[in-house]
Amino acid sequence: MISAQAWADARILWDYHRMHHEPRPCSVAVGLGSHDLGVADVTADLYHRGMAPVIVFTGSTSPTTRTRMPRGEAVHYRERALQLGVPDSAVLLEPRATNTGENIEFTKAVLAEAGIKVSSVLLVSKPYEERRSYAMMRKLWPEIEVVCASTAMALAEYADSIGDARMVVDMIVGALQRVLVFPGLGLAIEQEVPGVVVAAYERLCADGFTSRLLPADVAARPGA
């Protein structure tokens, strides 16, 4: 069971992670691979709304997705988008990335190879990955504008859709740790983290929501 206090703390982090950007037309929509096919749904919807003329789905597999998406995250995302009416000609694949830094660098290479000029990216992720992904994009691809997007679900609805509330809270906590430590590792820009968010994060860590935290030795070295 997740206590009422833990849920309240998770909602604090959930709200902080979301950038609250208003979607607008961009050069390309990039769907960041994960266990959540909802990222592909949101990306397809944005395409149909005319927010981007082309999509890049990026991602290989991870311990979380190896069973759920055996053909790779980007491949499963593409299949979902085609089911939702996105034409195959509008989808590019980047099937090798195993972390967000690689998502960004490998996507840049795919777009360059395709001859697509990019001035702005509509970055589609899980809701609790918006802020970290934004910070990494601003560090690793600083010359382009970034607009973040994700499902509009509230935390409880999202956790129900995933089917594992404990994993979702663990991931929310892990994402906040990365917001805190990645700037010092040269992987992301600095962002203000309000004290109330840090306090909620520390309570959740103390309550054992730590399975997605980077080990201390990894978090302290470049390339984490």
Side-chain angles (χ1 to χ4, degrees), residues 17 28-44 46-47 52 54-84 86 88-114 116 118 121-141 144 146 148-151 161-164 167-168 170-172 174-175 177-179 181-182 185-188 211-215 218-219 221-224:
H17 283 310
V28 60
V30 176
L32 296 176
S34 73
H35 63 273
D36 182 7
L37 269 178
V39 174
D41 294 352
V42 173
T43 308
L46 291 166
Y47 172 84
V54 65
I55 292 168
V56 179
F57 288 128
T58 169
S60 177
T61 59
S62 71
T64 305
T65 63
R66 196 163 292 130
T67 299
R68 300 183 188 205
M69 300 180 182
R71 294 183 298 284
E73 297 154 6
V75 173
H76 282 265
Y77 277 18
R78 172 186 172 276
E79 292 170 352
R80 179 64 159 239
L82 297 185
Q83 292 172 357
L84 295 172
V86 176
D88 184 57
S89 60
V91 180
L92 298 175
L93 284 186
E94 186 297 293
R96 299 184 298 121
T98 59
N99 57 56
T100 306
E102 290 182 353
N103 288 139
I104 296 168
E105 295 299 335
F106 295 171
T107 292
K108 290 168 65 175
V110 166
L111 290 165
E113 184 176 351
I116 297 173
V118 179
V121 168
L122 189 55
L123 189 63
V124 188
S125 68
K126 302 184 295 296
Y128 54 85
E129 292 288 2
E130 280 194 22
R131 184 172 292 276
R132 179 180 68 86
S133 301
Y134 172 84
M136 294 185 73
M137 283 284 285
R138 296 301 301 130
K139 181 68 175 184
L140 302 176
W141 203 353
I144 57 98
V146 183
C148 294
S150 66
T151 180
S161 76
I162 297 300
D164 189 337
M167 182 182 76
V168 170
D170 280 349
M171 287 187 163
I172 290 171
Q177 181 203 33
R178 288 156 176 80
V179 168
V181 305
F182 274 14
L185 303 175
L187 298 174
S211 74
R212 301 292 168 157
L213 292 181
L214 295 168
V218 175
R221 68 172 182 258

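These numbers were taken from a predicted model, which means no experiment stands behind them.
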### Query
Do the side chain of Thr43 and the main chain of Val39 share a donor and acceptor less than 3.5 angstrom apart?
yes

### Message
Evaluate Met137 against Ile144 for side-chain contact (heavy atoms from CB on, under 4.5 Å), listing each step before the verdict.
### Response
CA-CA 9 Å; Met137 283 284 285; Ile144 57 98; 3.7 Å; yes

### Task
With the side chain counted from C-beta on, respond yes when Leu214 and Phe182 share a heavy-atom pair under 4.5 Å apart, and no when they do not.
yes

#### Entry: Test item: Thr151 and Asp41 side chains (from C-beta on) under 4.5 Å apart, heavy atoms
no

### Message
Using the rule side chain to side chain contact (heavy atoms under 4.5 Å, CB included), only one of Val30, Thr107, Ile116, Ile55 pairs with Leu92; which is it?
### Response
Ile116

### Message
Restricting to non-hydrogen atoms, name the atom on Tyr128 and the atom on Ala175 that form the minimum distance, rounded to 0.1 Å.
### Response
O-CB, 3.4 Å

### Task
Find out whether Ile104 and Thr100 are in side-chain contact, i.e. whether some heavy atom of one side chain is under 4.5 Å from a heavy atom of the other.
yes

### Message
So Met167 and Thr64, do their side chains get closer than 4.5 Å, heavy atoms only?
### Response
yes

### Message
Name the residue from Glu105, Glu94, Arg96, Glu73 that meets the side-chain hydrogen bond (donor to acceptor under 3.5 Å, both in side chains) definition with Thr58.
### Response
Glu94

### Query
Measuring from Glu102:CD to Leu140:CG, what's the distance to the nearest 0.5 Å?
11.5 Å

#### Entry: Residue pairs passing the side chain to side chain donor-acceptor pair (under 3.5 Å) test where at least one lies in residues 29-38, sequence neighbours excluded
Ser34-Tyr77, Asp36-Tyr158

#### Entry: Contact summary for Pro95 and Ala74, nearest pair of heavy atoms
CA-CB, 4.3 Å

### Query
Roughly how far apart are Leu123 CG and Arg138 CZ, rounded to 0.5 Å?
11.5 Å

### Query
Can you list the steps and then say if Arg71 with Glu79 is a side-chain contact (heavy atoms from CB on, under 4.5 Å)?
CA-CA 10 Å; Arg71 294 183 298 284; Glu79 292 170 352; 2.7 Å; yes

### Query
Side-chain contact, heavy-atom cut-off 4.5 Å: Arg78 with Asp88?
yes

### Query
Under a 4.5 Å cut-off applied to non-hydrogen side-chain atoms, are His17 and Arg132 in contact?
no

### Query
Roughly how far, to the nearest 0.5 Å, is OG of Ser62 from CE of Met69?
9.0 Å

### Shortest non-hydrogen separation from Leu84 to Ala44 and the atoms involved
CD1-CB, 3.9 Å

#### Entry: Interatomic spacing from CG in Leu32 to OG in Ser150 - rounded to 0.5 Å
11.0 Å

### Query
Taking atom types as modelled and ignoring hydrogens, do the side chains of Ser133 and Glu129 form a donor-acceptor contact shorter than 3.5 angstrom?
no

### Test item: Ser211 and Met171 side chains (from C-beta on) under 4.5 Å apart, heavy atoms
no

### Message
Is there a side-chain contact between Lys139 and Leu187 in this structure, where contact means two heavy atoms from C-beta onward sitting under 4.5 Å apart?
### Response
no

#### Entry: Minimal non-hydrogen separation, Thr65 against Ser60, with atom names
OG1-O, 4.5 Å

### Task
Could you tell me whether a side-chain N or O of Arg66 sits under 3.5 Å from a main-chain N or O of Gly72, the two making a donor and an acceptor?
no

